[in-house]
Amino acid sequence: MRHRPSSRWSRRQSLLPRRQASSLGLRLTLAAAVAAAFAAFGSTAFLVAHGWLGSTASGATGVEAPSQALRLDSARVQGGRRGTLGVQDHTVAQRAHLADSLRSSGANAVTAASGTPAAVTHRSLRRTSFGLWAATIGARAWSRRATSAMMRRASSIDPIQPLGACPPPILYQQRWVQLALLATLALLSDWVCFSVAATPSTWVKVFGQDPATLIDIFLFTNVGACLLEPFIIKKFGLRIPIVGAAALMAIGCLLRSGIPFVGDTLPSYDVVVAGTMMVAVAQPFFQCTPPLLSATWFAADERSLATAVAINFNQVGIATAFIFGGELARTPDGLKFYFSLMALSAAVVLVATAIGFREKPPTPPSASEAEKELQGEENDMNFPEQAVTLLQTPGFLQPLAAFVVSIAVTNVVGAFLEAKLEKVGIVDQTAIDFSGAGFELAIVIGGILIGSYVDRSKEYKTTTMACLAGTFAAVSMLGLGHAPQAVIIIALLLVGLVAGPVQPINAELAVEVTYPADENAIEAVQQLCGNLISALLVPLCEWAMRYEWSFPAPWAPAGTDSITGDTAVLLACIGGVSLFFLTFNAPLRRTEVDRENCIASDLMIDSGEEEGAFLAVATAAVNGEPRETETTPGR
């Protein structure tokens with residue numbers, strides 16, 4: 001009987017650069033060629049050096065050394081995983097003991113091989129003995145110098161090295177399935193929320209109600225559900241709540257459409273509102289879980305990208321509402337077909353989620369996630385207590401403010417997009433719809449591009465400041481009342497490109513500074529604050545639009561241009577948050593854990609040992625204590 005593969009992480013101090021190991025192996029091989037009797041030492045030392053650094057991108061195999069001071073764990077590629085090699089922590093004294101034992105074994109081999117046949121003459125015997133003696137002395141002296149050089153290089157290695165020096169973690173292709181499903185669910189939820197934003201006249205004709213009221217009901221229900229979501233995720237994990245929320249959204253879409261593609265009329269207004277509220281309750285499970293999904297499934301250099309895709313993909317849903325809604329929902333019959341299409345899409349995604357969505361990978365993707373698993377749950381705080389603790393954590397308020405201003409800017413720009421475009425003469429509804437879709441897609445593209453950069457550089461503060469500065473400039477251009485139409489369209493796309501990425505970047509930054517806090521609770525706090533501030537800022541900007549200030553402008557036909565009060569409010573918010581964000585000076589705790597430690601996976605424990613024995617091994621690895629453990633390659 002074997003336990004399932006478990007995970008642990010170990011110190012990086014015992015890893016040698018690959019080029020040093022190759023050079024050492026070559027020298028020992030040449031020494032064996034000079035003195036054949038010294039071949040045992042050369043080959044054994046080569047295997048030891050190769051075992052320390054024998055991992056590749058596709059897999060690795062550990063080689064057992066004759067000394068009990070060295071123990072290697074090997075991992076083998078399974079399915080879509082990347083292999084890695086984990087090495088337990090060894091002190092310089094242990095490696096010196098190993099080298100001494102290897103030199104002794106080499107000397108014994110030379111001595112055993114120094115006899116000569118009886119038929120050889122006494123002169124030849126003396127010459128041969130002298131030659132072997134000289135070769136032995138020279139080889140042993142050289143081996144001491146080579147081993148000493150190796151020891152000096154090993155002892156000079158800094159235990160805290162750049163992230164790239166660590167062997168690649170074991171990752172699973174399933175992580176992309178997880179990300180695709182969560183992003184698609186987020187897309188569908190916002191498609192439902194803004195489904196009639198592009199065709200309000202059709203909605204009024206069918207139900208006699210203001211479509212903005214339906215959106216308000218959705219948003220307020222969403223805020224209430226955000227308060228419940230952390231409790232459910234903490235109690236049931238990731239898979240069960242996500243699948244349950246997908247089912248709730250599918251039922252809500254079915255209530256909104258009636259029997260899909262049957263008949264020409266929609267259900268009553270109250271039934272449609274009830275279905276909309278069910279989708280609103282489901283949405284927080286797609287909006288608040290991206291950082292948790294990224295930490296659970298993705299490597300340290302992929303987390304910002306994954307979070308950007310999952311958080312911002314709801315913008316694609318808004319773009320879908322503008323494009324499909326504007327084309328399909330122009331008549332009451334078209335509205336029925338349009339709602340049936342949403343219900344069918346939700347049902348298909350529900351089936352895919354129930355089949356393909358998983359709780360977590362067999363092995364953690366990073367040292368920080370492995371450490372959280374080893375530590376387990378340290379407290380049983382409920383969500384309000386977690387929120388208070390987060391707000392009191394140094395370094396949390398700055399990314400929270402940046403996250404909130406990003407949501408506020410994109411929401412306000414989207415809410416008054418039509419008025420802005422009509423002010424500069426863009427009145428064609430199709431052009432307005434595609435401009436809005438382009439704005440939403442720019443948010444997603446910007447998140448992917450800038451998120452990928454932050455994954456590699458970990459420059460959260462510098463990148464956020466650059467994005468806020470770009471947002472300030474783009475909003476200033478967008479607020480001009482008499483600028484050329486091309487300038488306004490470019491400014492609109494720039495707002496999406498630079499303001500949208502601020503959300504996922506600062507969601508990850510908040511996780512970094514509060515590690516090992518609950519990622520889901522962190523995102524729930526940010527979403528709650530962002531939605532509440534946006535709800536307050538939209539009516540404030542609507543009131544401020546009444547005021548307008550003129551200034552000289554050479555590009556305007558009359559020589560003057562103007563900005564309205566809503567633009568001034570947004571610029572004041574962006575400027576104030578930028579100044580506040582300059583005060584950010586907190587350590588990236590999660591990245592520190594990832595950089596100080598390597599992760600070694602697929603440790604197989606023999607049937608005679610219990611699960612607690614693995615924890616003892618993992619703890620010994622953390623503390624730098626060697627422990628005998630029999631290993632086999634992962635399956």
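When a residue number appears, it is its place in the shown sequence, counting from 1. Since this is a predicted model, take the numbers as computed values, not measurements.
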Donor-acceptor check, side chain of [X] to backbone of [Y], threshold 3.5 angstrom: yes or no?
{"X": "Asp190", "Y": "Cys193", "result": "no"}
{"X": "Asp455", "Y": "Leu305", "result": "yes"}
{"X": "Thr410", "Y": "Ile407", "result": "yes"}
{"X": "Gln503", "Y": "Gly447", "result": "no"}
{"X": "Glu512", "Y": "Thr591", "result": "yes"}
{"X": "Ser534", "Y": "Gly530", "result": "yes"}
{"X": "Glu229", "Y": "Ala524", "result": "no"}
{"X": "Glu523", "Y": "Thr289", "result": "no"}
{"X": "Thr567", "Y": "Ile563", "result": "no"}
{"X": "Arg239", "Y": "Ala354", "result": "yes"}

Do [X] and [Y] meet the criterion of a side-chain donor-acceptor pair at a distance under 3.5 Å?
{"X": "Thr514", "Y": "Thr393", "result": "no"}
{"X": "Arg589", "Y": "Ser368", "result": "no"}
{"X": "Glu440", "Y": "Asn312", "result": "no"}

**Request:** May I ask you to decide if the ring planes of Trp203 and Phe339 are parallel, tilted or perpendicular, using 30° and 60° as cut-offs?
**Result:** tilted
**Item:** Phe584/Leu397 under side chain to side chain contact (heavy atoms under 4.5 Å, CB included): CA gap, chis, key distance, verdict
**Value:** CA-CA 9 Å; Phe584 176 81; Leu397 291 179; over 6 Å; no
Non-hydrogen atoms of [X] and [Y] that approach each other most closely:
{"X": "Phe551", "Y": "Leu480", "value": "CZ-CD2, 3.5 Å"}
{"X": "Pro291", "Y": "Ala507", "value": "CG-CB, 4.3 Å"}
{"X": "Ala186", "Y": "Ala310", "value": "CB-O, 4.2 Å"}
{"X": "Phe286", "Y": "Ala246", "value": "CZ-N, 3.9 Å"}
{"X": "Lys336", "Y": "Ile259", "value": "NZ-O, 3.2 Å"}
{"X": "Leu509", "Y": "Phe581", "value": "CD2-CZ, 3.8 Å"}

Counting C-beta onward and ignoring hydrogens, is there a side-chain heavy-atom pair between [X] and [Y] closer than 4.5 Å?
{"X": "Cys573", "Y": "Val405", "value": "yes"}
{"X": "Met342", "Y": "Val192", "value": "yes"}
{"X": "Leu255", "Y": "Met278", "value": "yes"}
{"X": "Ile432", "Y": "Asp428", "value": "no"}
{"X": "Thr296", "Y": "Pro361", "value": "yes"}
{"X": "Tyr460", "Y": "Asn506", "value": "no"}
{"X": "Val177", "Y": "Phe357", "value": "no"}
{"X": "Ile242", "Y": "Leu185", "value": "yes"}

In Å and rounded to the nearest 0.5 Å, what is the [atom1] to [atom2] distance from [X] to [Y]?
{"X": "Ile488", "Y": "Leu493", "atom1": "CD1", "atom2": "CG", "value": "11.5 Å"}
{"X": "Glu422", "Y": "Leu417", "atom1": "CD", "atom2": "CG", "value": "9.5 Å"}
{"X": "Trp297", "Y": "Leu171", "atom1": "CH2", "atom2": "CG", "value": "10.5 Å"}
{"X": "Leu219", "Y": "Asn411", "atom1": "CG", "atom2": "CG", "value": "8.0 Å"}
{"X": "Arg175", "Y": "Leu293", "atom1": "CZ", "atom2": "CG", "value": "11.0 Å"}
{"X": "Leu492", "Y": "Leu421", "atom1": "CG", "atom2": "CG", "value": "6.5 Å"}

**Message:** I'd like to know whether Val525 forms a side chain to side chain contact (heavy atoms under 4.5 Å, CB included) with Phe383, so could you lay out the CA-CA distance, the side-chain angles of the two residues, the decisive distance to 0.1 Å, and finally the verdict.
**Reply:** CA-CA 9 Å; Val525 171; Phe383 177 62; 3.9 Å; yes
**Request:** Show your reasoning for whether side chain to side chain contact (heavy atoms under 4.5 Å, CB included) applies to Val196 and Leu335.
**Result:** CA-CA 9 Å; Val196 295; Leu335 189 63; 4.2 Å; yes
**More than 12 heavy atoms from other groups under 6.0 Å of CZ on Phe220** = no
**Message:** Show, in sequence, the C-alpha distance, side-chain angles and deciding distance for Ser340 and Ser257, and conclude whether the side-chain hydrogen bond (donor to acceptor under 3.5 Å, both in side chains) test is met.
**Reply:** CA-CA 5 Å; Ser340 298; Ser257 67; 4.7 Å; no
**Request:** Taking the six-membered ring for Trp and the single ring otherwise, decide whether the centroids of Tyr547 and Trp543 are under 6.0 Å apart.
**Result:** yes
**Message:** Pair Thr583, Gln398 - check side-chain hydrogen bond (donor to acceptor under 3.5 Å, both in side chains), show working.
**Reply:** CA-CA 8 Å; Thr583 64; Gln398 288 88 345; 3.1 Å; yes
**Asked** Does the side-chain hydrogen bond (donor to acceptor under 3.5 Å, both in side chains) test come out yes or no for Thr564 and Glu548, once each step is laid out?
**Response** CA-CA 4 Å; Thr564 52; Glu548 188 172 358; over 6 Å; no
**Request:** For a side-chain hydrogen bond (donor to acceptor under 3.5 Å, both in side chains) with Arg590, tell me which candidate from Glu508, Glu369, Glu519 qualifies.
**Result:** Glu508
**Request:** Evaluate the side chain to side chain contact (heavy atoms under 4.5 Å, CB included) criterion for residues Leu441 and Ile443: first the C-alpha distance (whole Å), next the side-chain angles of each, then the deciding distance (0.1 Å), finally the verdict.
**Result:** CA-CA 5 Å; Leu441 292 176; Ile443 294 176; over 6 Å; no
Side-chain donor-acceptor distances from residues 317-332 under 3.5 Å, at least two apart:
{"residue": "Thr320", "atom": "OG1", "partner": "Val316", "partner atom": "O", "Å": "2.7"}
{"residue": "Glu327", "atom": "OE2", "partner": "Arg330", "partner atom": "NH2", "Å": "3.4"}
{"residue": "Arg330", "atom": "NE", "partner": "Gly326", "partner atom": "O", "Å": "2.6"}
{"residue": "Arg330", "atom": "NH2", "partner": "Gly326", "partner atom": "O", "Å": "3.4"}
{"residue": "Thr331", "atom": "OG1", "partner": "Gly334", "partner atom": "N", "Å": "3.1"}

**Request:** Any chance you could lay out the side-chain hydrogen bond (donor to acceptor under 3.5 Å, both in side chains) test for Gln527 and Asn222, step after step, and finish with the verdict?
**Result:** CA-CA 10 Å; Gln527 290 285 350; Asn222 178 279; over 6 Å; no
**Prompt:** Is it true that Arg546 and Asp566 make a salt bridge, defined as a side-chain N closer than 4.0 Å to a carboxylate O?
**Reply:** no
**Message:** Walk me through whether Asp594 and Arg303 qualify under salt bridge (Lys or Arg N to Asp or Glu O under 4.0 Å).
**Reply:** CA-CA 13 Å; Asp594 287 327; Arg303 290 189 294 237; 3.0 Å; yes
